[in-house]
Amino acid sequence: MTDAASNDQVRGSGGVAEGLSVPKASILRHTVFVVALLLLIATPSFLFIATVSTDSTLHGVLGHITVFGFPLWATFAVWVTLDASALYGFVGPRPDPFGPKALLLSALGFANIATMFLFLILTNGK
């Protein structure tokens with residue numbers, strides 16, 4: 001038979017064991033998460049506008065970025081597409097990999113990849 005006093009010591013406050021609580025993410029982790037999320041939203045929009053615009057200066061600037069920037073960003077976008085819950089796990093507990101949060105973020109990663117391919121195809125890699 002268990003003692004009531006020892007049972008309270010194990011539970012702690014709120015009925016959760018004290019050693020098993022989820023640590024709070026730092027402000028730096030939240031900032032990195034928000035910046036990554038904003039870049040995942042802004043990149044396809046910017047590339048789509050750059051694709052349909054005829055401004056040669058914009059294509060010249062993006063031409064220099066595409067050589068090194070696109071492979072790095074594509075690697076990040078593929079990682080987000082395949083393991084979106086890991087990005088959410090950066091700031092808190094990981095959600096369900098097939099839940100709505102993770103699937104929405106995976107769709108955003110896929111939109112980044114598709115827009116990069118669209119940009120390269122329509123601009124002929126210039």
Side-chain angles (χ1 to χ4, degrees):
M1 191 171 222
T2 61
D3 185 42
S6 65
N7 196 12
D8 288 338
Q9 288 176 348
V10 171
R11 278 197 204 157
S13 63
V16 178
E18 290 178 24
L20 299 177
S21 64
V22 177
K24 299 286 183 182
S26 68
I27 202 80
L28 178 65
R29 285 180 164 227
H30 282 285
T31 305
V32 169
F33 177 75
V34 169
V35 167
L37 197 60
L38 288 175
L39 285 173
L40 281 169
I41 293 170
T43 302
S45 306
F46 178 70
L47 285 177
F48 185 72
I49 290 170
T51 301
V52 296
S53 78
T54 58
D55 186 17
S56 64
T57 333
L58 184 61
H59 287 288
V61 169
L62 284 176
H64 296 293
I65 294 173
T66 57
V67 175
F68 297 108
F70 272 26
L72 294 174
W73 189 251
T75 304
F76 178 71
V78 167
W79 174 74
V80 168
T81 302
L82 295 177
D83 196 14
S85 63
L87 187 59
Y88 276 115
F90 193 64
V91 292
R94 283 183 168 206
D96 178 25
F98 296 110
K101 290 169 106 178
L103 289 179
L104 186 63
L105 196 57
S106 291
L108 198 55
F110 181 74
N112 275 271
I113 296 166
T115 309
M116 282 188 275
F117 278 126
L118 182 71
F119 177 80
L120 289 174
I121 290 169
L122 293 179
T123 59
N124 296 326
K126 295 178 183 177

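When a residue number appears, it is its place in the shown sequence, counting from 1. Since this is a predicted model, take the numbers as computed values, not measurements.
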**Item:** Minimum heavy-atom distance Ala84-Ser106, with the two atoms named
**Value:** CB-OG, 3.5 Å
**Fill in**
Note: Pro97 and Ala102 closest approach over all heavy atoms is O-CB, 3.5 Å
**Asked** Passes side chain to side chain contact (heavy atoms under 4.5 Å, CB included), Trp79 versus Thr75? Steps please.
**Response** CA-CA 6 Å; Trp79 174 74; Thr75 304; 5.8 Å; no
**Message:** Counting C-beta onward and ignoring hydrogens, is there a side-chain heavy-atom pair between Leu39 and Phe76 closer than 4.5 Å?
**Reply:** no
**Complete:** In this structure, CG of Leu108 is separated from CG of Leu40 (nearest 0.5 Å) by 5.0 Å
**Message:** Check this for me: Phe46, atom CZ, are more than 12 non-hydrogen atoms of other residues, nucleotides or ligands nearer than 6.0 Å?
**Reply:** no
**Prompt:** Are the side chain of Thr81 and the backbone N or O of Phe110 linked by a donor-acceptor pair below 3.5 Å?
**Reply:** yes
**Request:** Give a yes or no on whether Phe48 atom CZ has more than 12 heavy-atom contacts from other residues, nucleotides or ligands under 6.0 Å away.
**Result:** no
**Request:** Please report the shortest heavy-atom distance between Lys101 and Pro95, naming the atom on each side.
**Result:** CD-CB, 4.5 Å
**Asked** Going only through I, L, V, M, F, W and Y residues with side-chain contacts under 4.5 Å, is there a path from Val35 to Ile41?
**Response** yes
**Message:** Heavy-atom count check: over 12 atoms from other residues, nucleotides or ligands less than 6.0 Å from Leu72 CG?
**Reply:** yes
**Message:** Assess the residue pair Leu37 and Leu105 against the criterion (side chain to side chain contact (heavy atoms under 4.5 Å, CB included)); give the C-alpha distance rounded to whole Å, side-chain angles, the decisive distance to 0.1 Å, and a yes or no.
**Reply:** CA-CA 9 Å; Leu37 197 60; Leu105 196 57; 3.5 Å; yes
**Complete:** Taking every heavy atom of Phe98 against every heavy atom of Leu103, the minimum-distance pair comes out as O-CD1, 3.5 Å
**Prompt:** So if you build clusters from Ile, Leu, Val, Met, Phe, Trp, Tyr with side-chain heavy-atom gaps below 4.5 Å, do Phe33 and Ile27 land together?
**Reply:** no
**Item:** Leu82 with Phe117, same ILVMFWY side-chain cluster at under 4.5 Å
**Value:** yes
**Complete:** Scanning both residues in full, the closest heavy-atom pair of Ala86 with Arg94 reads CB-NH2, 3.2 Å
**Prompt:** Given the rule in the side chain to side chain contact (heavy atoms under 4.5 Å, CB included) test, do Ile65 and Trp73 qualify, once you have shown the distances and angles that lead to the verdict?
**Reply:** CA-CA 11 Å; Ile65 294 173; Trp73 189 251; over 6 Å; no
**Message:** Please find the pair of heavy atoms, one from Ala77 and one from Gly109, that lie closest to each other, and give the distance.
**Reply:** CB-O, 3.7 Å
**Item:** Test item: Asn112 and Leu47 side chains (from C-beta on) under 4.5 Å apart, heavy atoms
**Value:** no
**Message:** If we ignore hydrogens and angles and just use 3.5 Å, is the side chain of Arg29 paired with the main-chain N or O of Phe90 as donor and acceptor?
**Reply:** yes
**Request:** Carefully, step by step, assess Asp83 and Tyr88 under the rule side chain to side chain contact (heavy atoms under 4.5 Å, CB included).
**Result:** CA-CA 9 Å; Asp83 196 14; Tyr88 276 115; over 6 Å; no
